[in-house]
Amino acid sequence: MALLICASAYPALAHAQFPPAPPPAITIPACNDYRLKNDHPLLAKQRACIWAGNLVTPGAIFGAAFSSAYGQITKDDPGWGQGVAGYARRFGGRYAQGVTKATAEYLSSWAFREDPRPTRSACLSWKRIFCAAESLVAQPSPSGGTRPVFSKVIGAFAGGFIGMTYYPQSGTVNQSLRRSGTSLATSLLSVEIYEFQPEIFGWLGAKFSPKSTPAQAGAPSRPRP
């Protein structure tokens with residue numbers, strides 16, 4: 001009898017002495033998309049991940065490819081020639097501008113403790129156009145109010161003037177200033193597209209999505225008279 005009592009009491013004693021282990025903690029990598037969007041402030045590793053992600057993007061490759069094709073047609077730098085070799089040189093030069101711009105933005109945003117992530121404004125109606133443009137030169141401060149932003153302008157000028165080191169005929173100050181202005185205009189277009197991205201995608205979805213028939217939607221079809 002004593003053995004039966006001890007055997008029946010053992011599970012309860014074991015449970016009291018050895019509580020269940022807590023569930024394992026789930027660690028989200030620092031460069032996970034969720035953490036990159038929501039962590040404040042950013043870690044140094046996260047800043048590096050954002051910079052690396054900006055180097056190889058469809059937008060960067062397509063932009064370099066398109067501008068190279070335009071330069072090939074207009075013969076902007078005759079010293080680079082035409083054909084496949086000329087296009088390859090132009091593509092390499094324009095892609096190098098993009099890499100320099102992204103790197104300069106990364107270093108300057110880290111030095112000035114700026115947030116490199118794009119944000120949508122809280123403005124309404126047509127004012128969103130100006131609020132999105134303002135994000136190039138100002139952003140909310142952690143202590144309240146706004147603070148100046150230098151990285152976008154520094155990146156545009158770095159990308160514009162890097163061409164002085166390898167452009168055969170247009171590596172001048174005037175041409176570099178023109179390239180810097182074009183680069184800054186590209187940044188402006190980028191923040192405007194990001195600001196209105198939900199509306200743009202919603203319009204495209206409504207415009208080009210396949211139209212379902214009443215039968216596909218589950219509604220009874222009306223017989224024709």
Next on the checklist: On a heavy-atom basis, which atom in N54 and which in A60 lie closest, and how many Å separate them?
Outcome noted: O-CB, 4.4 Å

Checklist outcome for this item: Residues joined to L124 in its hydrophobic cluster, side chain to side chain under 4.5 Å directly or through other members, sorted by chain and number, are none

Next on the checklist: Within this structure, what is the CD1-CG distance for the pair I28 and D33, rounded to the nearest 0.5 Å?
Outcome noted: 11.5 Å

Checklist entry - Going from CD on E105 to OG on S109, what distance comes out if it is rounded to the nearest 0.5 angstrom? => result 7.5 Å

Checklist entry - Got more than 12 heavy atoms from elsewhere within 6.0 Å of CZ, F157? => result no

Item to check | Co-membership, hydrophobic cluster, residues Y95 and Y166, 4.5 Å side-chain | outcome: no

Item to check | From R94 atom CZ to Q97 atom CD, the distance as rounded to the nearest 0.5 Å | outcome: 6.5 Å

Item to check | side-chain hydrogen bond (donor to acceptor under 3.5 Å, both in side chains) involving S121 - partner list, sequence neighbours excluded | outcome: E195

Checklist outcome for this item: In short, A156 meets S183 closest at the heavy-atom pair CA-OG, 3.6 Å

Item to check | Remaining members of the apolar cluster that contains F150, side-chain heavy atoms under 4.5 Å | outcome: F112, I154

Checklist entry - Would I50 and V99 show up in the same hydrophobic cluster when neighbours are defined by side-chain heavy atoms closer than 4.5 Å? => result no

Checklist entry - Taking C-beta and beyond as the side chain, do R120 and P198 meet within less than 4.5 Å on heavy atoms? => result yes

Next on the checklist: Please determine whether side chain to side chain contact (heavy atoms under 4.5 Å, CB included) holds for the pair V191 and K152, giving the CA-CA distance in whole Å, both sets of side-chain angles, and the decisive distance to 0.1 Å.
Outcome noted: CA-CA 11 Å; V191 298; K152 299 297 183 183; 5.6 Å; no

Next on the checklist: Show me the pairs that pass salt bridge (Lys or Arg N to Asp or Glu O under 4.0 Å) and involve residues 46-55, at least two apart or across chains.
Outcome noted: none

Checklist entry - Sequence neighbours excluded, which residues qualify as salt bridge (Lys or Arg N to Asp or Glu O under 4.0 Å) partners of R35? => result D39

Checklist entry - Would a hydrophobic clustering, with Ile, Leu, Val, Met, Phe, Trp and Tyr connected at side-chain separations under 4.5 Å, put Y34 with L36? => result no

Next on the checklist: Could you work out, with side-chain hydrogen bond (donor to acceptor under 3.5 Å, both in side chains) as the rule, every residue matching W51, not counting sequence neighbours?
Outcome noted: T103

Next on the checklist: Through direct or indirect side-chain contacts below 4.5 angstrom among Ile, Leu, Val, Met, Phe, Trp and Tyr, which residues connect to L43?
Outcome noted: none

Checklist entry - Would you say the side-chain atoms of S151 and E114 include a donor-acceptor pair closer than 3.5 Å? => result yes

Item to check | Atom of Q46, atom of C31 and distance for their closest heavy-atom approach | outcome: CA-SG, 4.3 Å

Checklist entry - Short question: side chain of S190, backbone of T186 - any donor-acceptor pair under 3.5 Å? => result no

Checklist entry - Could you go step by step and tell me if R117 and K37 meet the side chain to side chain contact (heavy atoms under 4.5 Å, CB included) rule? => result CA-CA 8 Å; R117 295 170 291 188; K37 292 178 181 178; 5.6 Å; no

Item to check | Pairs involving residues 154-167, ordered by first then second residue, that meet salt bridge (Lys or Arg N to Asp or Glu O under 4.0 Å) (sequence neighbours left out) | outcome: none

Donor-acceptor pairs under 3.5 Å, side chain of residues 132-141 to any protein atom, not counting sequence neighbours: which ones?
{"from": "S135", "atom 1": "OG", "to": "A132", "atom 2": "O", "distance (Å)": "2.5"}
{"from": "Q139", "atom 1": "OE1", "to": "D115", "atom 2": "N", "distance (Å)": "3.0"}
{"from": "Q139", "atom 1": "NE2", "to": "D115", "atom 2": "O", "distance (Å)": "3.2"}
{"from": "S141", "atom 1": "OG", "to": "S143", "atom 2": "N", "distance (Å)": "3.4"}
{"from": "S141", "atom 1": "OG", "to": "S143", "atom 2": "OG", "distance (Å)": "3.1"}

Next on the checklist: Using the side-chain hydrogen bond (donor to acceptor under 3.5 Å, both in side chains) criterion, which residues pair with N32? Sequence neighbours excluded.
Outcome noted: none

Checklist outcome for this item: In short, ring pair (Phe, Tyr, Trp, His ring centres under 6.0 Å) pairs touching residues 62-93 with sequence neighbours left out are W80-Y167

Item to check | I61 side, atom CD1; L55 side, atom CG - distance, nearest 0.5 Å | outcome: 10.5 Å

Item to check | Sequence-distant partners of S187, side-chain hydrogen bond (donor to acceptor under 3.5 Å, both in side chains), two or more places apart | outcome: K101

Item to check | Ring-face cation contact, W126 with R128, 6.0 Å cut, 45° max | outcome: no

Checklist entry - So, S176 versus R179: side-chain donor-acceptor pair below 3.5 Å or not? => result yes

